[in-house]
Student: 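Quick one: the structure is below, and I'll ask about it shortly.
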Amino acid sequence: MSLDMPKFSDLDALYDEKNALVATEMYEDPELFTEEMEKIFKNTWVWVAHESEFPDKGSFKLSQVGLEPVIVVRDRKGKIHCMVNRCRHRAATVCEVKKGKTSSFQCPYHGWGYGLDGSLRALPYPEQYGDDFDKTQHGLIKLRTEAYNGMVFATFKEDIEPLEDFLGEGVRKYIDLFMKQGGGFPVKVLGEHQFSVPMNWKVQLENTTDAYHFPIVHKSFMQTLDGQTEEMFDFLDKGVGYVEDLGNGHSVMTMIPELVDLDENLDAPIPERFADLAQELRDEGYPEDQVKKIVRAVSGAGFNLNLFPNVSFSLAFFRVLTPINVEQTDIRHIAIGMDGGPDAANQARIRLHEHFQGPMGFGSPDDAEVWERIQRGTKGGPDLKILVNRGMVDEEPGEFGPRGHISAETGMRAAYKMWKRMMSK
């Protein structure tokens, strides 16, 4: 490392906000990564689950808050808890099943047992701890947990602002719009796949708010589309849409404006690619107005909503990033569908997900290759700055914050502004 490279205590050198320049050390310094895990991931709201993933009392799933393994569980009263997956005795994890249903959690090492609310219920031979051992002080560490429209967030910071305030009016608006993909039914998780990429987590923080790469990286995907769908995804050449800073590091990238509100334009003709689905729904007895609503919802929303620091609502799925180390990040792509909706519609959603986001799809492998190449490329010329200044020349006020051209890097600047704010505390 060059002696004249910026040190991570010099935040202006790491992110030059005036000129929107990022130091390559941001992707490579292990000490900086450690500080990010403490100052950011332990001090803000982090997405951990969707409520549909544990619908019943006793159902749970494993998740992460930064580097901390957590369990998200619904107790017997229906309340959702998020707890550190670590026994209070000798630190073994108390659960290794990714998701399921249980009445309690037990450490496999010495048998300490915990309730669904994290309380220590029993332990073998307690007399060896003496009469003053207080079980109420040795439950699983619990995080503050709140939800908005089915999205569950957790935080280690007890005195943090309420979740709805952290999200803000703009994010809440777009979450509500995104959830219209239920087509009149509640949204539920249909499935997911996870993969690991040798990249810093901030590479992914940038990507889902980057429309500029779409016609280049996803050229093979575009070539698989019918003419009508290809025209819809040709948002960069048409110059439609925008990227807007929604505050607190969040942003929205609107690519297909006519699909932002799925309850609008229901009288428009059903796209040819969904003609067979529409007929199948009619044959099942759905009235025409509901057929149109369901089919329109199947196509997905026309925007990416990016929440700092770890989750994106991307067109028709959730993308979740989990930092592993300074040069490794796990990515989860979560398919969503209609809870109680027609099987044909949910099958269509899965097929669309597989086409782009799936492990054999046209989108994920191409994206992952570029992410890896960015990380490798940072080794060349460590003193060179990374540019996130695209679109600054004509950025203008939007509904909730600065708004730029569809190809602008407005969302990246929003995220790095929040990064700098949190790292300065």
Side-chain angles (χ1 to χ4, degrees), residues 36-55 60-75 77-84 117-118 140-182 186-189 201 205 208-209 244-252 301 303-314 318-323 332 334 336 399-401 411 414-415 417-419 421-422 425:
E36 289 172 336
M37 295 305 102
E38 289 296 320
K39 288 190 173 182
I40 295 177
F41 281 84
K42 279 196 170 182
N43 283 281
T44 193
W45 288 105
V46 175
W47 186 87
V48 291
H50 186 265
E51 287 186 354
S52 68
E53 296 181 272
F54 32 89
F60 67 89
K61 66 164 287 188
L62 301 186
S63 191
Q64 293 273 137
V65 176
L67 300 180
E68 304 269 1
V70 297
I71 307 168
V72 192
V73 59
R74 191 181 295 274
D75 70 16
K77 296 180 179 179
K79 184 178 180 181
I80 296 173
H81 302 272
C82 182
M83 307 169 293
V84 177
D117 61 356
L140 300 178
I141 299 298
K142 296 177 67 173
L143 285 69
R144 182 172 161 186
T145 307
E146 294 181 16
Y148 181 81
N149 204 339
M151 301 294 282
V152 183
F153 297 77
T155 180
F156 282 95
K157 189 175 182 181
E158 278 298 321
D159 61 349
I160 197 171
E161 63 189 329
L163 173 64
E164 290 198 11
D165 291 347
F166 170 71
L167 297 176
E169 181 183 354
V171 169
R172 297 197 305 270
K173 168 188 171 178
Y174 282 101
I175 289 179
D176 292 344
L177 287 169
F178 195 85
M179 295 306 176
K180 290 186 178 184
Q181 292 181 68
V187 166
K188 72 171 181 177
V189 168
W201 67 278
L205 193 67
T208 318
T209 187
E244 184 171 339
D245 181 343
L246 300 178
N248 285 343
H250 316 313
S251 64
V252 65
F303 59 89
N304 286 359
L305 175 63
N306 308 285
L307 303 192
F308 186 90
N310 78 316
V311 66
S312 299
F313 302 58
S314 182
F318 304 141
R319 174 182 279 165
V320 188
L321 68 87
T322 301
R332 291 168 55 216
I334 302 176
I336 57 174
E399 183 179 1
F400 301 102
K417 182 179 180 180
M418 183 64 170
W419 178 94
R421 189 174 100 193
M422 296 199 70
K425 294 181 179 179

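Both backbone and side-chain heavy atoms feed into the values below; hydrogens, waters and symmetry mates do not. Small disclaimer: the values here were computed from a predicted structure and weren't measured.
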Student: Sequence neighbours excluded, which residues qualify as salt bridge (Lys or Arg N to Asp or Glu O under 4.0 Å) partners of R74?
Tutor: none

Student: For I160 and N43: C-alpha separation, side-chain torsions, deciding distance, then whether side chain to side chain contact (heavy atoms under 4.5 Å, CB included) applies.
Tutor: CA-CA 8 Å; I160 197 171; N43 283 281; over 6 Å; no

Student: What heavy-atom pair brings F178 and A301 nearest, and what distance separates the two atoms?
Tutor: CD1-CB, 4.0 Å

Student: Do you know the tightest heavy-atom contact between E244 and G401?
Tutor: OE2-N, 3.3 Å

Student: What I'd like to find out is whether the side chain of R332 reaches to under 4.5 Å of the side chain of F318, using heavy atoms alone.
Tutor: no

Student: Which pair of non-hydrogen atoms, one from P323 and one from F41, has the smallest distance, and what is that distance?
Tutor: CG-CZ, 3.6 Å

Student: So, taking the atom named SG in C82 and the one named CZ in F156, what distance separates them when rounded to the nearest 0.5 Å?
Tutor: 7.5 Å

Student: Calculate, to the nearest 0.5 Å, the distance between atoms CG and CE belonging to L205 and M418 respectively.
Tutor: 11.0 Å

Student: To the nearest 0.5 angstrom, please state how far the CD atom of E169 sits from the CG atom of L246.
Tutor: 10.5 Å

Student: Hey, mind stepping through L307 and M151 against side chain to side chain contact (heavy atoms under 4.5 Å, CB included) and telling me if it holds?
Tutor: CA-CA 12 Å; L307 303 192; M151 301 294 282; over 6 Å; no

Student: Could you state the interatomic distance from OG1 (T44) to CE (M422), rounded to the nearest 0.5 Å?
Tutor: 4.5 Å

Student: Which pair of non-hydrogen atoms, one from H250 and one from A414, has the smallest distance, and what is that distance?
Tutor: O-CB, 4.0 Å

Student: Would R421 and N248 count as having a side-chain donor-acceptor pair, cut-off 3.5 Å?
Tutor: yes

Student: Any non-hydrogen side-chain atom of F153 less than 4.5 Å from a side-chain atom of E146?
Tutor: no

Student: Could you check Y174 against L177 for side chain to side chain contact (heavy atoms under 4.5 Å, CB included), going step by step and ending with a plain yes or no?
Tutor: CA-CA 5 Å; Y174 282 101; L177 287 169; 4.0 Å; yes

Student: Would one find more than 12 heavy atoms of other residues, nucleotides or ligands at under 6.0 Å from atom CD of E161?
Tutor: yes

Student: Counting only N and O atoms by type, is there a donor-acceptor contact under 3.5 Å from the side chain of K142 to the main-chain atoms of D117?
Tutor: yes

Student: Verify, without hydrogens or angle tests, whether S63 (side chain) and V48 (backbone) share a donor-acceptor contact under 3.5 angstrom.
Tutor: yes

Student: Flag the pair H50 / V187 as yes when at least one side-chain heavy-atom distance between them is below 4.5 Å, and no otherwise.
Tutor: yes

Student: Where is the tightest heavy-atom contact between V84 and E68, given as atom of each residue plus distance?
Tutor: CG1-OE1, 4.0 Å

Student: How many angstroms lie between atom CG of N306 and atom CG of D245, to the nearest 0.5 angstrom?
Tutor: 11.0 Å

Student: Is it the case that atom NZ in K79 sees more than 12 heavy atoms from other parts of the structure closer than 6.0 Å?
Tutor: no

Student: Quick one: does K39's side chain have a donor or acceptor within less than 3.5 Å of a partner on K425's backbone?
Tutor: yes

Student: I'd like to know whether NZ of K61 has more than 12 heavy-atom contacts from other residues, nucleotides or ligands below 6.0 angstrom.
Tutor: yes

Student: Please determine whether side chain to side chain contact (heavy atoms under 4.5 Å, CB included) holds for the pair V152 and F54, giving the CA-CA distance in whole Å, both sets of side-chain angles, and the decisive distance to 0.1 Å.
Tutor: CA-CA 11 Å; V152 183; F54 32 89; 4.2 Å; yes

Student: Closest heavy-atom contact between V171 and L305?
Tutor: O-CD2, 4.0 Å

Student: Assess, by modelled atom type and distance only, whether the side chains of S314 and R319 contain a donor and an acceptor separated by less than 3.5 Å.
Tutor: no

Student: Starting at CD of E158, measure out to CZ of R144 and round the result to the nearest 0.5 Å.
Tutor: 6.5 Å

Student: Strictly distance-based, threshold 3.5 Å: is any side-chain N or O of R172 a donor or acceptor partner for the main-chain N or O of L167?
Tutor: no

Student: Are the side chains of K417 and F308 in contact, using a 4.5 Å heavy-atom criterion?
Tutor: no

Student: Could you tell me whether the side chain of H81 and the main chain of I71 form a donor-acceptor pair under 3.5 Å?
Tutor: no

Student: Flag the pair W45 / Y148 as yes when their ring centroid distance falls below 6.0 Å, and as no otherwise.
Tutor: no

Student: Give a yes or no on whether the backbone of V46 and the side-chain of N310 come within a donor-acceptor separation of less than 3.5 Å.
Tutor: no

